[in-house]
Amino acid sequence: MSASGPGLPLASLYVGDLHPDVTEAMLYEKFSLAGPILSIRVCRDVATRRSLGYAYINFQQPADAELALDTMNFDIIKGQPIRIMWSQRDPGLRKSGVGNIFIKNLEESIDNKALYDTFSIFGNILSCKVVCDDHGSRGFGFVHFETREAAQQAISTMNGMLLNNRKVFVSQFKSRQEREAELGVRAKEFTNVYVKNLKTDIDEQGLEELFSQFGKTLSVKVMRDDSGQSRGFGFVNFEKHEEAQKAVMDMNGKEVRGQLLYVGRAQKWAERQNELKRRFQQMKQLKQDRLNHYQGVNLYVKNLDDSIDNERLRKEFSPYGVITSAKKRQRRP
DNA sequence: AATGAGCGA
């Protein structure tokens, strides 16, 4: 029988955000308090058997499932709040993001339950979460409503409201891509230009002289250390975007007093931090991936005689399987 | 400042 056949879906819950060690037995112990259970399954990776972090709880009675959802949502198992939803095998609503809203500037004591309670007056909530790290709330979260009307209601009445004395911002959820596209558009209209590789004896006046040919500048600044010495970079803010654009086009890579200038759009401090963080994490991930890739398939062979070269190494090991690389380390001189 | 993950493996 198809699992979407009559009877089943109405009494089936999806439980997500599970700690990887959560088992069927632990879920049974908890959820059977709401009523008789038909079956429970923690979904696992077929090869490794590791928990995928979600489970299904099938009740005999829909009313019991509803009771569980209403009373056990966000309860903590193994230190992690579980997130309960109705099982909905059709991914349409989830993927479309219709009805999904974003809330930021949440006061730290506002948790999942509080967020759920404040927003549930606008309509049926499919899923809701305050984003946390190990220090607690990160001050923002999501509420996914069943309908766009509910989401719209929530946005228009809650945006700008005080919640525990903090003014919250509520808006339509935007995917990372949408958001970056939006930032990109704004960034394209920049007027502030970042200049580096400046000789340290170039001051504001010198910088101004270099860039005034492109248009009227609103401000020119050379960044300095505590002793007042130039740090070799600065900012030129133009009145018009076109002028800033032209300054970048003409001056980037240009030699000024023996140094190649870097000239580009000035980033906001936060934007710069984000980029650095992202690059750092990307690098970390890359290293991890390589490590994982070689884990268990890379052999280290020591005590090789000088006469053995890469070719010979490969030949000796080739009977045991496909070799992707065989390299002998050069003896240090 | 911050815009997710997720459906019977």
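Atom set for the values below is all heavy atoms of this structure, side chains included, hydrogens, waters and symmetry mates excluded. Order of the sequence lines fixes the chain letters, A, B, ..., with proteins taken first and strands second; residue numbering starts at 1 for each chain.
Remark: A:Ser39 pairs with A:Asn58 by the side chain to side chain contact (heavy atoms under 4.5 Å, CB included) rule, at least two apart or across chains. Applying the side chain to side chain contact (heavy atoms under 4.5 Å, CB included) test to A:Glu178 and every residue at least two apart in sequence or in another chain returns A:Lys174, A:Ser175. Checked against side chain to side chain contact (heavy atoms under 4.5 Å, CB included), A:Ala34 has the following partners two or more places apart in sequence or in another chain: A:Phe59, A:Leu67, A:Ala68, A:Met72. With sequence neighbours left out, the side chain to side chain contact (heavy atoms under 4.5 Å, CB included) criterion links A:Ile121 to no other residue.
The NE2-P distance, from A:His144 to B:dT3, rounds to 18 Å in whole Å. Between A:Glu107 atom CD and B:dA1 atom C1' there is a gap of 17 Å when expressed in whole angstrom units. Distance CG (A:Leu126) to C1' (B:dG4): 14 Å, rounded to an integer number of Å. Look at CD1 on A:Ile84: it is 15 Å from C1' on B:dC7, rounded to the nearest Å. Atom pair A:Gln80:CD and B:dA5:P shows a separation of 14 Å (rounding to whole Å applied). Counting to the nearest Å, the P atom of B:dC7 and the OH atom of A:Tyr54 are 5 Å from each other. B:dG6 atom C1' lies 12 Å from atom CG of A:Leu18, rounded to whole Å. Atom CZ of A:Arg176 is separated from atom C1' of B:dA1 by 13 Å (rounded to the nearest Å).
Note on A:Leu52: a base of the nucleic acid sits closer than 4.0 angstrom, heavy atoms only. Among the heavy atoms of the strands, none lies under 4.0 Å from A:Asp17. Within the nucleic acid shown, A:Asn105 comes within 4.0 Å of at least one base atom, counting heavy atoms only. Across all strands shown, A:Glu178 has no heavy atoms under 4.0 Å from either base or sugar-phosphate atoms.
Here B:dA2 is the nucleotide among B:dA2, B:dG4, B:dC7 with the atom lying nearest to any side-chain atom of A:Lys104. Checking B:dG4, B:dG8, B:dA9 against the side-chain heavy atoms of A:Val46 singles out B:dA9 as nearest. Picking from B:dT3, B:dG4, B:dC7 the nucleotide with the shortest atom distance to the side chain of A:Lys174 gives B:dT3. The side chain of A:Phe173 lies closest to B:dT3, out of B:dT3, B:dA5, B:dG8. The side chain of A:Arg179 approaches B:dA2 more closely than any other nucleotide in the set B:dA5, B:dG8, B:dA2.
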Between side-chain atoms of residues 152-159 of chain A and protein atoms elsewhere (two or more places apart, or another chain), which donor-acceptor pairs fall under 3.5 Å?
| unit_1 | atom_1 | unit_2 | atom_2 | d |
| --- | --- | --- | --- | --- |
| A:Ser156 | OG | A:Gln152 | O | 3.0 |
| A:Ser156 | OG | A:Gln153 | O | 3.3 |
| A:Thr157 | OG1 | A:Gln153 | O | 3.4 |
| A:Asn159 | OD1 | A:Val170 | N | 2.9 |

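Look at A:Arg89 and you'll find a side-chain N or O under 4.0 angstrom from OP1 or OP2 of B:dG8. Side-chain nitrogen and oxygen atoms of A:Arg94 include none within less than 4.0 Å of the OP1 or OP2 phosphate oxygen of B:dG4.
Side-chain contact between A:Asn124 and A:Trp86 is absent, with no heavy atoms from C-beta onward closer than 4.5 Å.
The pair A:Asp75-A:Lys113 meets the salt-bridge criterion, since a charged nitrogen lies less than 4.0 angstrom from a carboxylate oxygen. No salt bridge links A:Arg166 with A:Glu108; every basic N to acidic carboxylate O contact stays at or beyond 4.0 Å.
Taking the 5.5 Å centre cut-off and the 30° plane limit, the aromatic side chain of A:Tyr56 is classed as stacked on B:dG8. Evaluation of A:Phe140 against the base of B:dA1 yields no stacking contact (centre distance < 5.5 Å, interplanar angle < 30° required). A stacking contact links A:Tyr14 to B:dC7: the aromatic ring centre lies within less than 5.5 Å of the base's six-membered ring centre, and the planes differ by less than 30°.
For the segment residues 153-169 of chain A, the set of residues with a heavy atom within less than 4.0 Å of an atom of DNA chain B is empty.
Projected onto DNA chain B by closest heavy-atom contact, A:Arg83 and A:Cys43 fall at different nucleotides, the more 5' of which corresponds to A:Arg83.
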